Amino acid sequence: MSEARSGTGAGAPTVLRMILGRRLQERRQGAGVSLENAARALRVTSLTIRRLEKAEVGLKPLYVEKLLETYGADRQEIEEFVALADRANEPGWWHAYRDVLPGWFTAYVSLETGAKTLRTYEPHYVTGLLQTYDYARGVLSGGFPNDNDEDLERRVQLRLRRQSLLERPDSPTLWAVLEEAVLHRVVGTPAVMRDQIDRLLEVSELDHVSVDIVPFAAGAHVGACAPFTYFRFQEPELPDIVYSEILSASMYLDQRSDVVAHLEAHNRMSLLTSSADSKALLNRMRKEYS
């Protein structure tokens, strides 16, 4: 990954495709087969093999079978890989929203769905996974001012559908760090803001959700920059990944130096407040919207 992405991003990887790509790479290297020799087996270029292993293109079951035969795998292993390839090529639940889901964000939804740990930093708005319906509608209507009512509603429903992962039995842990400015930026009406703050207070009581509010009094700090999300996965094949975005592009980073820098920033920001102070600030702001 480790690249800026914008536009349609039709090859956006899913978590299963990433896992399969990593396993194919390990199997090739374990067999001592070069990229060039693997490419000859499929009559493609070595760049294609590299892209398969990096999950930058779809994995055809026939390609997977031929590669594993080249690597000396037995029939049972081949069948297991092919079954995984079939699953990796199945559209996720978010495919139903492809008309309002940018291609470059498809990877984000897949990573979010497959992660065991999520850490987010938001300087502008409440984290999407914690937004109420009315707040989400207000944010999305501002971000997509040319949407008709139908498209806007579908964007809202997609965002709410994503939130269901916090209700799963195997729900990931979510640690959200928000700037105090988020609470002062009025989205919709005071009633919408009050309900949104109630939502934050409610979820902060869950064992697997933490909400920290960095107060204005903290001044300048290391994380005062673009929003980002850090993903960690259960599967050992997958590296930690950070997603960040600006107005015209988004980035998926898996280089260790980039990931560590964001993780350390998140840790430092969390030290600028406490759970008790964050809840006290939320309650004070709730009264202002009453």
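Only a predicted model underlies this, so the values are computations on that prediction, with no experimental measurement involved.
- With 3.5 Å as the limit, one finds a donor-acceptor pair spanning the side chains of Thr48 and Thr45.
- Taking both residues in full, the closest heavy atoms of Leu200 and Val126 are given as CD2-CG1, 3.9 Å, listed atom of the first, atom of the second, then distance.
- Atom-to-atom distance recorded for Tyr71:OH and Glu26:CD is 12.0 Å, nearest 0.5 angstrom.
- If you chain together hydrophobic residues whose side chains sit under 4.5 Å apart, Ile197 and Leu281 fall into the same group.
- Aromatic ring centroids of Tyr230 and His262 lie 6.0 Å or more apart.
- Between the side chains of Thr120 and Thr127, a donor-acceptor pair is found at a separation under 3.5 Å.
- When Asp99, Asp149, Asp147 are each tested for a salt bridge (charged side-chain N to carboxylate O under 4.0 Å, His left out) with Arg155, only one passes: Asp147.
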From CA spacing to verdict: salt bridge (Lys or Arg N to Asp or Glu O under 4.0 Å), Arg75, Glu65:
CA-CA 9 Å; Arg75 198 64 227 169; Glu65 183 173 4; 2.7 Å; yes
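- Under 4.0 Å is where a charged nitrogen must lie from a carboxylate oxygen, and between Arg27 and Glu77 at least one such pair does.
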Run Leu178 and Val214 through side chain to side chain contact (heavy atoms under 4.5 Å, CB included) and show every step you take.
CA-CA 6 Å; Leu178 312 177; Val214 179; over 6 Å; no
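- Within 6.0 Å of CD on Glu153 lie more than 12 heavy atoms contributed by other residues, nucleotides or ligands.
- The backbone N or O of Ser34 sits nowhere less than 3.5 Å from a side-chain atom of Gln29 that would complete a donor-acceptor pair.
- Looking at heavy atoms from C-beta onward, Leu166 lies out of side-chain contact with Leu206 at the 4.5 angstrom threshold.
- Counting heavy atoms from C-beta outward, Leu158 and Trp93 have side chains that approach closer than 4.5 Å.
- Counting heavy atoms from C-beta on, the side chains of Val57 and Leu52 come closer than 4.5 Å.
- In the hydrophobic clustering of ILVMFWY residues, with side-chain heavy atoms under 4.5 Å counting as a link, Val139 and Leu152 come out apart.
- Two different hydrophobic clusters hold Val260 and Tyr121 under the rule that ILVMFWY side chains link at heavy-atom gaps under 4.5 Å.
- At most 12 heavy atoms of other shown residues, nucleotides or ligands fall within 6.0 angstrom of atom CZ in Arg43.
- Leu16 is listed as a side-chain neighbour of Leu84, based on a closest heavy-atom distance under 4.5 Å.
- Under the 3.5 Å distance criterion, the side-chain polar atoms of Asn89 are matched with a main-chain donor or acceptor of Ala85.
- Between Arg284 and Glu180 there is no salt bridge, since no side-chain N of the basic residue sits under 4.0 Å from a carboxylate O of the acidic one.
- Following chains of ILVMFWY side-chain contacts shorter than 4.5 Å, one cannot reach Tyr133 starting from Val203, and the two form parts of different hydrophobic clusters.
- Remark: Arg199 fails to qualify as a cation-pi partner of Tyr135 under the 6.0 Å distance and 45° angle criteria applied to the six-membered ring.
- Side chain of Arg232 to backbone of Asp240: no donor-acceptor contact under 3.5 angstrom is found.
- The local environment of CG in Asn148 is crowded, with over 12 non-hydrogen atoms from other residues, nucleotides or ligands closer than 6.0 Å.
- Residue-environment remark: CZ (Arg154) exceeds the threshold of 12 foreign heavy atoms within 6.0 Å.
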Using the side chain to side chain contact (heavy atoms under 4.5 Å, CB included) rule, take Leu111 and Ile241 through it: C-alpha gap first, then chi angles, then the decisive distance, then the call.
CA-CA 9 Å; Leu111 295 175; Ile241 295 173; 4.1 Å; yes
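- With hydrogens and angles disregarded, a donor-acceptor distance shorter than 3.5 Å links the side chain of Gln163 to the backbone of Gln131.
- The closest side-chain heavy-atom distance from Val182 to Pro123 is not below 4.5 Å.
- The two residues Asn37 and Val33 come nearest to each other via the heavy atoms CB-CG1, 3.9 Å.
- Salt bridge annotation for Arg22-Asp254: present, with a cationic side-chain nitrogen under 4.0 angstrom from a carboxylate oxygen.
- Ion pairing of Arg17 with Glu56 is absent here, as no side-chain N (NZ or NE/NH1/NH2) approaches a carboxylate O to less than 4.0 Å.
- Geometric assessment of Lys60 against the ring of Tyr63 yields a positive cation-pi assignment under the 6.0 Å and 45° thresholds.
- Here the CG atom belonging to Leu165 is positioned 5.5 Å from the CZ atom belonging to Arg168, to the nearest 0.5 angstrom.
- Side-chain atoms of Ser244 come within 3.5 Å of backbone atoms of Pro227 as a donor-acceptor pair (strictly under, hydrogens ignored).
- Side-chain N/O atoms of Tyr243 and Glu245 include a donor and acceptor closer than 3.5 Å.
- Heavy atoms from other residues, nucleotides or ligands lying under 6.0 Å from CZ of Arg185 number more than 12.
- Tyr108 and Phe231 have their aromatic ring centers within a separation under 6.0 angstrom.
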Stepwise, does the side chain to side chain contact (heavy atoms under 4.5 Å, CB included) test hold for Thr229 with Arg119?
CA-CA 6 Å; Thr229 301; Arg119 291 195 185 197; over 6 Å; no
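- Looking at every heavy atom in both residues, Phe233 comes nearest to Gly114 through CD2-O, 3.6 Å.
- Electrostatic pairing of Glu235 and Lys116 does not count as a salt bridge here, judged by no charged N lying under 4.0 Å from a carboxylate O.
- Residues Met193 and Leu183 share a closest heavy-atom pair of CE-O, 3.6 Å.
- Checked for salt-bridge contact, Lys279 and Glu205 meet the test: a charged N lies under 4.0 Å from a carboxylate O.
- Looking at heavy atoms from C-beta onward, Val211 lies in side-chain contact with Ile213 at the 4.5 angstrom threshold.
- Across Ala73 and Ile78, no two heavy atoms sit closer than the pair O-CD1, 3.8 Å.
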Could you go step by step and tell me if Phe228 and Met251 meet the side chain to side chain contact (heavy atoms under 4.5 Å, CB included) rule?
CA-CA 9 Å; Phe228 66 84; Met251 294 176 287; over 6 Å; no
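- Counted by atom type alone, Asn283 and Arg286 present zero donor-acceptor pairs between their side chains at under 3.5 Å.
- Counting heavy atoms from C-beta outward, Leu59 and Leu24 have side chains that approach closer than 4.5 Å.
- Distance CZ/Arg23 to CD/Glu80: 9.0 Å, rounded to 0.5 Å.
- Inspection of the Asp277 and Ser274 side chains reveals an N or O donor paired with an N or O acceptor under 3.5 Å.
- In the hydrophobic cluster analysis, where Ile, Leu, Val, Met, Phe, Trp and Tyr join through side-chain heavy atoms closer than 4.5 angstrom, Val44 is grouped apart from Leu47.
- Distance alone, capped at 3.5 Å, places no donor-acceptor pair between the Thr70 side chain and the Ala38 backbone.
- Atom CZ of Arg268 is surrounded by 12 or fewer heavy atoms from other residues, nucleotides or ligands within 6.0 Å.
- For the atom pair Ile19 CD1 and Gln234 CD, the distance stands at 10.5 Å (nearest 0.5 Å).
- Atom CG of Asp212 sits about 4.5 Å away from atom OG of Ser278, to the nearest 0.5 Å.
- Using a 4.5 Å heavy-atom cutoff, the side chains of Glu179 and Glu122 are not in contact.
- Residue Leu271 holds its CG atom at 11.0 Å from NE2 of His266, rounded to the nearest 0.5 Å.
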